[in-house]
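Here is the naming used below: chain letters follow the sequence lines, and residue numbers restart at 1 for every chain.
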4 protein chains.
Amino acid sequence: MLSKTSNVSSAPYRVHRERQRRRIMTAAQKLFDVDGIDRVTMANIISATGIRASTLYEYFSSKDEIVWALVEELMVQSSASIRTSIDDATGSALVKITALLQALGDELVQHSARVRFMAQFDARYAFDWSVERLVALEEQIFPGRFEELSALIRDGIADGSLRSDLDPELTLHAIVNAVIGAQRRLASLGSRVEKEYGQPIELLFRETVRILLLGLRAT
Amino acid sequence: MLSKTSNVSSAPYRVHRERQRRRIMTAAQKLFDVDGIDRVTMANIISATGIRASTLYEYFSSKDEIVWALVEELMVQSSASIRTSIDDATGSALVKITALLQALGDELVQHSARVRFMAQFDARYAFDWSVERLVALEEQIFPGRFEELSALIRDGIADGSLRSDLDPELTLHAIVNAVIGAQRRLASLGSRVEKEYGQPIELLFRETVRILLLGLRAT
Amino acid sequence: MLSKTSNVSSAPYRVHRERQRRRIMTAAQKLFDVDGIDRVTMANIISATGIRASTLYEYFSSKDEIVWALVEELMVQSSASIRTSIDDATGSALVKITALLQALGDELVQHSARVRFMAQFDARYAFDWSVERLVALEEQIFPGRFEELSALIRDGIADGSLRSDLDPELTLHAIVNAVIGAQRRLASLGSRVEKEYGQPIELLFRETVRILLLGLRAT
Amino acid sequence: MLSKTSNVSSAPYRVHRERQRRRIMTAAQKLFDVDGIDRVTMANIISATGIRASTLYEYFSSKDEIVWALVEELMVQSSASIRTSIDDATGSALVKITALLQALGDELVQHSARVRFMAQFDARYAFDWSVERLVALEEQIFPGRFEELSALIRDGIADGSLRSDLDPELTLHAIVNAVIGAQRRLASLGSRVEKEYGQPIELLFRETVRILLLGLRAT
DNA sequence: CATGAATGAGCCTTCATTCAT
DNA sequence: CATGAATGAAGGCTCATTCAT
């Protein structure tokens, strides 16, 4: 009927499509953050966006796809700002590692919703077979990140800023895992942890980082 | 008028009841571990136990109640063995803290299902209003645990085994949070993390603990 | 085991049984009045009495049997006091009819729970096949009541207190049906009717009776 | 942004939707009439309509909603025909009141299912909190009905067709309540009452009305 | 006579998703 | 490209009642 065939998708269409996607993702993220991914239904998202169910399926073929789209977006943002922090830090390897861990702290404070979402994602996908998909995504967003961490340790031993008995293939991976674990736990349990520990989560996180750095530093 | 506590009800009944509860809890735990709490349905549990649906509801009034019963049980076990580790450790406060963190490592290795379950529980209940219930449960199982942690830091500063610039109200809470975060993350993501980091999770955990202890220790 | 064989049921046992029945009936009636017969479950009654389910079934073989036992009891009470009112009234047939209708008004005011229960019973059993059972019960409690009503009309025409164009087989039945209908409606809808009509239900009922009596009276 | 009122949705859709609703309501009403609202399950309605469960829920979100839709419909019909009867009656207030009460009799005879349904509704909702909803519905369907009844009494006293000692705020409300009570009782208990009283319900009802009117009329 | 345990038969929804228009 | 309608497949839970002890 229309003169243009559908797959030409001239600019205006593309812009429209992009706007719709955003709308869906924004609405979904808000709901996920409040109620948890598992407790949010497609119906919730649909009524939050005002888009009809069948229309939504033109953009995302399932709830999982919405989740993955958000994961990608948030991982890109996250890795970009961490990237920047590390690159901006000049000096010894210890300085760079400090920048890395502090960037995770900043993220916790300034983008707690993002961290909470990633915590949920981890928990949810611990039971899915999507491992490959996630690994591929990470590799695409942040290629070579593991080698880079190992290199940091090696550099630090070389430049004398780190203890000499650290294992380049192990230590920083261990640290990063712990810091991310701490970060996500604090973000998820948030006020609950604050109530239990009687300390604001930011302080708890900064103290963790301080002790770790003291442990890494050459004596 | 009526002795409401007719729970004198002759031992055999009680024993039977307890056996049934166990059967249900064991079956549920196994399913939760494989598929994740949220993806396990009452129907799954029912067919796994061989008990009829309506019978099961005589024991647990909802899936949540099964979850809570497991949480209680696992927390009791966990706190008992950590308790023992700390009490068995003799020497400076640092020795005790070392024992505490290593106990968490042992738990990760020897009872990874337990840790995985607790990780799921944390994730799930981040969105529920059960905060009070959990806090009450923790207080019942491990009363005064927070004061105890603060005291350990104070003792360590006094006995010269810990750095003198630590904050008794903050440091150990921060450490414990991070270690539990690391522990649960490693347990949940398990093989996935191993694949990514190329290191067995036990080593990653032990290295985390090592660095933290180095950071705490007096120089 | 016990020396006495069961069906001798010596006095103490009988007394006990009777007390238990009462307890059940009282608890059930209270629940029925608050929540409505249909919305009360056996489980509710059981927990309200404190008697175990299986024990309760020793007394009543179903919820319906409890209902019927209450119906019988309330009908006996009701018919007794109406009986008394009529018999106490001396004078013309109109005086006796007046007493009858006023007795129904007194019941509405003084025993509204009883009336509400009967209203529920009517509604519920409009769909059951228990017609015969009810008719038999009524016949047993109040034998010959219909002939008696017809006779009242006849007497009233004879003694000049009633209009002469009334039909002995019809009029009083019609009146009684209407008055019971009004009585039960007022009892069931209670405060709702008061709010709508802006008049207390007692006044509404008394006015109905007044008009009916004016309509019956000889001019 | 989005025209929420996309209910322009082309006539055919609307027509279809309306037909489906009717189908459901008709089937439900038939079942309610035979078995009683409380004994009819969603499953019954579903298999009676031939519509799938999940489809039905697109039209009515619960059994209650079906009931309310029927109530509204029947109240509209009922009030319309009573309205007409009163308006068609010309003459004294007594003539109008006569028309009103006879209209209720006609309804009993010609639409006994409708009356039975309303009787059930009254009984059921005596225990629900829906009072406000019902009052709102009545006010919407028949606004100012109470003032109108009072006015009728006042007019009748003025035009000499009614006794002068009637209370405009009370009498007709009392009469209407009694007549509706009688009407619904006769409709519900139907054949049972006929068997007991040995008279067709129509005659019983007409006699009630006759006596009431005699009681109202000026002497 | 009392009791704890067991249970079959239902019940009312909810949800992600597909399809014809 | 958008939309209304439809739906298969579960899902969680309740209830009256029966038995073995």
Side-chain angles (χ1 to χ4, degrees), chain A residues 1-2 4 6-7 9 12-13 16-17 20 40-46 51-66, chain B residues 2 6-10 12-14 16-17 19-20 39-46 51-65, chain C residues 1-2 4-7 9 12-13 16-17 20 40-46 51-66, chain D residues 2-3 6-10 12-14 16-17 19-20 40-46 51-64:
Chain A
M1 275 273 169
L2 287 171
K4 298 216 170 190
S6 56
N7 59 359
S9 65
Y13 282 121
H16 173 70
R17 271 195 86 81
Q20 294 278 67
V40 172
T41 69
M42 277 302 222
N44 297 152
I45 300 175
I46 284 153
I51 292 176
R52 299 303 181 289
S54 31
T55 305
L56 188 145
Y57 276 89
E58 293 285 328
Y59 293 89
F60 295 95
S61 62
S62 72
K63 197 174 88 174
D64 275 15
E65 289 308 311
I66 303 180
Chain B
L2 190 83
S6 80
N7 55 2
V8 180
S9 68
S10 64
Y13 279 133
R14 220 192 235 136
H16 172 76
R17 216 155 204 290
R19 240 203 311 260
Q20 293 280 65
R39 267 160 292 280
V40 172
T41 69
M42 276 303 219
N44 295 153
I45 299 175
I46 285 154
I51 290 175
R52 297 302 193 290
S54 35
T55 305
L56 189 145
Y57 277 92
E58 292 284 325
Y59 291 87
F60 295 96
S61 60
S62 72
K63 199 175 85 174
D64 273 17
E65 289 307 310
Chain C
M1 275 275 171
L2 286 173
K4 298 214 169 187
T5 50
S6 58
N7 59 0
S9 67
Y13 280 121
H16 173 71
R17 274 195 84 79
Q20 295 277 68
V40 171
T41 69
M42 276 302 220
N44 296 153
I45 299 175
I46 285 153
I51 292 177
R52 299 306 182 287
S54 30
T55 305
L56 189 146
Y57 276 89
E58 293 285 328
Y59 293 89
F60 295 97
S61 62
S62 73
K63 197 174 90 173
D64 275 14
E65 289 308 310
I66 304 180
Chain D
L2 191 84
S3 72
S6 81
N7 54 2
V8 179
S9 69
S10 64
Y13 279 132
R14 221 193 233 136
H16 173 75
R17 215 154 207 290
R19 239 203 313 256
Q20 293 280 66
V40 171
T41 70
M42 276 302 220
N44 296 152
I45 298 175
I46 284 154
I51 291 177
R52 296 304 192 290
S54 34
T55 305
L56 188 145
Y57 277 90
E58 292 284 326
Y59 291 88
F60 295 96
S61 60
S62 71
K63 200 175 86 175
D64 274 17

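Under 4.0 angstrom from either OP1 or OP2 of F/dA6 there lies no side-chain N or O belonging to D/Arg52. Considering only side-chain N and O atoms, B/Thr55 lies nowhere under 4.0 angstrom from the phosphate OP1 or OP2 of E/dA5. Distances shown here put every side-chain N or O of A/Gln20 at or beyond 4.0 Å from the OP1 or OP2 atom of F/dC1. At F/dC1, none of the side-chain N or O atoms of A/Tyr59 fall inside 4.0 Å of OP1 or OP2 (strictly under the cut-off).
Nucleotide E/dT7: paired with F/dA16 (Watson-Crick or G-U wobble, both distances less than 3.5 Å). In a base pair of the Watson-Crick type (N1 to N3 plus N6-O4 or O6-N4) or a G-U wobble (N1-O2 and O6-N3), with each distance short of 3.5 Å, E/dT21 is matched with F/dA2.
In this structure, the CG atom of B/Leu56 is 11 Å from the P atom of E/dT7, given to the nearest Å. Between the CD1 atom of D/Ile45 and the P atom of E/dT13 there is a distance of 11 Å, rounded to whole Å. Taking atom CZ of D/Arg19 as the reference point, atom P of F/dA5 lies 12 Å away to the nearest angstrom. Going from atom CD of A/Glu65 over to atom C1' of E/dA16 covers 14 Å, rounded to whole Å. Following rounding to the nearest Å, A/Ile51 (CD1) and F/dA2 (C1') show an atom-to-atom distance of 10 Å.
The CZ atom of C/Arg52 sits 14.0 Å away from atom CD of C/Glu58, with the distance rounded to the nearest 0.5 Å. Atoms CZ and CZ, on D/Arg17 and D/Arg14 in that order, are 11.0 Å from each other to the nearest 0.5 Å.
C/Arg17 comes within 4.0 angstrom of no nucleic acid atom, judged by non-hydrogen atoms across all strands. Within the nucleic acid shown, B/Phe60 has no heavy atom closer than 4.0 Å to any nucleic acid atom.
Looking only at distances, a side-chain donor or acceptor of D/Lys63 sits under 3.5 Å from a matching main-chain atom of D/Val40.
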Contact letters for nucleotides 14-21 of chain F, in which S counts primed atoms plus P, OP1 and OP2 and B counts the base, heavy atoms under 4.0 Å: BBSBBB--
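Scanning for salt bridge (charged side-chain N to carboxylate O under 4.0 Å, His left out) contacts around B/Arg39 gives A/Asp38, with sequence neighbours left out. Remark: C/Thr41 pairs with C/Asn44 by the side chain to side chain donor-acceptor pair (under 3.5 Å) rule, at least two apart or across chains.
Here the closest heavy-atom approach between residue A/Ile51 and residue A/Leu56 is recorded as CG2-N, 3.8 Å.
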CA sep, side-chain torsions, deciding dist, call: A/Thr55, A/Tyr59, side-chain contact (heavy atoms from CB on, under 4.5 Å): CA-CA 7 Å; A/Thr55 305; A/Tyr59 293 89; 4.1 Å; yes
